[in-house]
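Quick notes on the structure that follows.
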Amino acid sequence: MKKVIIIGAGPAGITAANELQKSNKEYEITILEESDCIGGISRTVSHDGNHMDIGGHRFFSKDKRVMDWWFDIMPLQGKDSFDDIKLNRKKHLAKKGPDPERENNVMLIRQRVSRIYYKHKFFDYPVSLKWDTIKNMGFITTIRAGFSYIKSCLHKLKETSLENFYINRFGKVLYSMFFEGYTEKLWGRHPKDISADWGAQRVKGLSITAVLKDIFCKLIPGKKNKNVETSLIEEFYYPKYGPGQLWETAAEKAVKNGAVLKTSSKVTKVHTSNGKIDYVIYTDKSGEHQIEADIVISSMPLKDLVEGMNDVPDEISKIASGLPYRDFVTVGLEIDKLNLINKTNIPTLGDIVPDCWIYVQDTGVKLGRIQIFNNWSPYLVKDPEHKVWIGLEYFCLEGDDFWNMSDEECISYATDELIKMGVISKDAKITSSHRERVKKAYPAYFDTYDDIDKLISWLNRFPNLYCIGRNGQHRYNNMDHSMVTAFEAVNNINNNISSKDNIWSVNTEQSYHEEK
């Protein structure tokens, strides 16, 4: 029986554990998770009867294996009418017990609405060519944007930066309005200083051409765009009580089938000898522990993994230590109402705007996105008929002034920005609030990232080490891509495949997009 150590209980690690257990081989699986939660950044945080999705996670994939896997863990319930929602919530609230909501391990079908909030006006995201867009932009700006786009089609810039990548697909005017400011907020760097690799991975097929093609297909009866970009989808699946519900259920399944799950267990050392990993050291509340390993599947940040390894060449150590990240803060506010009017034809519970996310392009505020949890799932909200539960997303660096604010200071800062933007009024009643900080949420594509291939080549020399997931590969993977890296790693393990190219090549194709 081979001893397998899985570092990290996020989507990649939990998927790997379950996939190993499906094989006909015997593995002794231990999952080591640094935090006390399951799901990584796909976890769900509960506070005062409300639930927060950290970063927002749409369950949609072009990979059938992923979709089948999700529905095997959590079957599809379908669409809830508002009457169903009200009735179900009353039933849940009337039940007694430690957590009656967990009985409902089902997926809902949700409507996808995300818009850009720019200069107190809403624009579709991705940018559409509707009359409302033209009206909000103004005739002159629309004409300028059109000529700018034509110029970008006739004269392509060399894609040496993310800025040039965006301009080639949208033109200079639309780039300046809808991408430049937000991207700088997200990464803390101007797009001209960020590698085009990020764009190639995250906005691959999305362009004005893709938007026009999607509109054309929808206008023709019976015509369906089978290759629609992920950011153009109109529906997605979502666990009733947030993404953490699915990963907690999957983790419970792995434990039931024999895996050992240790939370609050931080891996500090990964010891190698004779060209292989032979043991791992982790610390928990009781102290330091050593555990032997025949196989190590790691989703911990590459920077931390290499830092904990012995006999690392100076060049490799320098590359790993220089890999940059952006950290993340969400401020949850329960309020009586938003100062935004639902001018769409989309009905909502409580007559609020229908957005899942609102992207904040204005550079006069630090706020990056607003999540409206009511619209992800009304079951995330204690009282969705009378309250709006929102998440205010900020991008920062661990240890900077914003990160180091107290909970009270951060919540006050976020509230003031909402008032400044006109999203809530000065007299809005805030009935509950919570601040959540997330380290290393976004692997970044600058600094020593240019040399990451050297680091990957060095790591691949260890035949029993498999790097998977977003931070495990320092790649801005979505949840489904992180799962696929686990699929590929387990396939290699089960079939004694020595090459790891298939694992590292996940999400390098040019036909997938999601904007998270």
Side-chain angles (χ1 to χ4, degrees), residues 35-37 39 41 43-57 82 85-86 88-102 104 238-245 248 328-340 342 348-358 360 365-394 402-403 405-438:
S35 74
D36 59 357
C37 301
I41 63 169
R43 67 184 182 272
T44 301
V45 175
S46 298
H47 175 75
D48 196 21
N50 294 309
H51 308 284
M52 298 174 66
D53 180 347
I54 304 300
H57 293 84
F82 292 152
I85 292 167
K86 294 175 184 178
N88 288 337
R89 285 208 57 82
K90 287 178 181 177
K91 287 180 179 179
H92 294 319
L93 293 173
K95 289 182 179 180
K96 295 181 180 180
D99 199 357
E101 295 175 347
R102 309 303 291 179
N104 293 270
Y238 195 77
K240 203 165 189 174
Y241 293 96
Q245 182 184 13
E248 289 162 16
F328 180 77
V329 171
T330 294
V331 176
L333 296 179
E334 181 188 72
I335 57 179
D336 52 353
K337 64 178 180 178
L338 297 175
N339 199 28
L340 301 172
N342 183 9
T348 57
L349 188 63
D351 194 29
I352 59 175
V353 288
D355 305 75
C356 301
W357 268 317
I358 297 173
V360 180
V365 294
K366 184 176 176 60
L367 179 61
R369 289 186 307 205
I370 303 171
Q371 278 185 272
I372 304 179
F373 295 117
N374 303 54
N375 297 328
W376 287 90
S377 168
Y379 299 96
L380 296 178
V381 187
K382 182 167 60 176
D383 184 8
E385 296 177 64
H386 307 102
K387 299 291 183 181
V388 186
W389 175 235
I390 60 176
L392 311 178
E393 301 183 351
Y394 288 90
F402 187 81
W403 180 273
M405 282 183 179
S406 67
D407 286 353
E408 294 75 15
E409 289 171 333
C410 189
I411 291 165
S412 176
Y413 183 97
T415 303
D416 289 343
E417 288 207 324
L418 285 186
I419 295 171
K420 179 180 179 180
M421 292 168 56
V423 174
I424 64 173
S425 59
K426 290 183 179 180
D427 58 353
K429 186 177 180 181
I430 298 173
T431 50
S432 183
S433 60
H434 178 70
R435 190 265 295 263
E436 191 76 17
R437 295 185 291 189
V438 183

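None of the values given here were measured: they were computed from a predicted structure.
A pairwise comparison of heavy atoms in C410 and V331 identifies SG-CG2, 3.6 Å as the closest pair. The heavy-atom pair separating L349 from P378 by the smallest distance is CD2-CB, 4.2 Å. A pairwise comparison of heavy atoms in A428 and I424 identifies CB-CB, 4.0 Å as the closest pair. Of all heavy-atom pairs between L333 and S433, the closest is CD2-CB, 3.7 Å. For the residue pair P243 and R43, the shortest heavy atom distance occurs at CG-O, 4.1 Å. Here the shortest heavy-atom pairing between K240 and S377 reads O-OG, 2.8 Å.
Put simply, CG on L340 and CD1 on I370 are 7.0 Å apart, with the number rounded to the nearest 0.5 Å. Here NZ of K426 is found 14.0 Å from CG of L418. Values are rounded to the nearest 0.5 Å. With rounding to the nearest 0.5 Å, the separation of CD1 in I41 from OG in S35 is 12.0 Å. Going from atom CD1 of I358 over to atom CD1 of I372 covers 4.0 Å, rounded to the nearest 0.5 Å. The distance from the OH atom of Y238 to the CG atom of D53 is 3.5 Å, given to the nearest 0.5 Å. To the nearest 0.5 angstrom, D351 atom CG is 11.0 Å from L338 atom CG.
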Could you check D407 against R435 for salt bridge (charged side-chain N to carboxylate O under 4.0 Å, His left out), going step by step and ending with a plain yes or no? CA-CA 6 Å; D407 286 353; R435 190 265 295 263; 2.8 Å; yes
Apply side-chain contact (heavy atoms from CB on, under 4.5 Å) to the pair K382 and D48, showing each step before the final yes or no. CA-CA 8 Å; K382 182 167 60 176; D48 196 21; 3.7 Å; yes
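The main-chain N or O of E408 is never found under 3.5 Å from a side-chain atom of S412 such that the two would form a donor-acceptor pair. Not one N or O on the side chain of E417 forms a donor-acceptor pair closer than 3.5 Å with the backbone of V365.
Taking the six-membered ring where the residue is Trp, W376 and W357 present perpendicular rings, their angle passing 60° and hence far from 30°. Aromatic ring orientation, Y413 versus F402: perpendicular (interplanar angle above 60°, classes split at 30° and 60°).
More than 12 heavy atoms of other residues, nucleotides or ligands shown are found within 6.0 angstrom of NZ on K366.
Using modelled atom types and a 3.5 Å distance limit, the side chains of E248 and Y241 yield no donor-acceptor pair. Side-chain atoms of T431 and E334 form a donor-acceptor pair, as typed in the model, at a separation below 3.5 Å.
Considering only heavy atoms from C-beta on, N375 comes within 4.5 Å of I352 through its side chain. Contact check for E393 versus V438: no side-chain heavy atoms found under the 4.5 Å cut-off. Inter-residue side-chain proximity for N339 and V423 is flagged as unmet; no heavy-atom pair is nearer than 4.5 Å. The shortest side-chain heavy-atom distance between M52 and W389 falls under the 4.5 Å cut-off.
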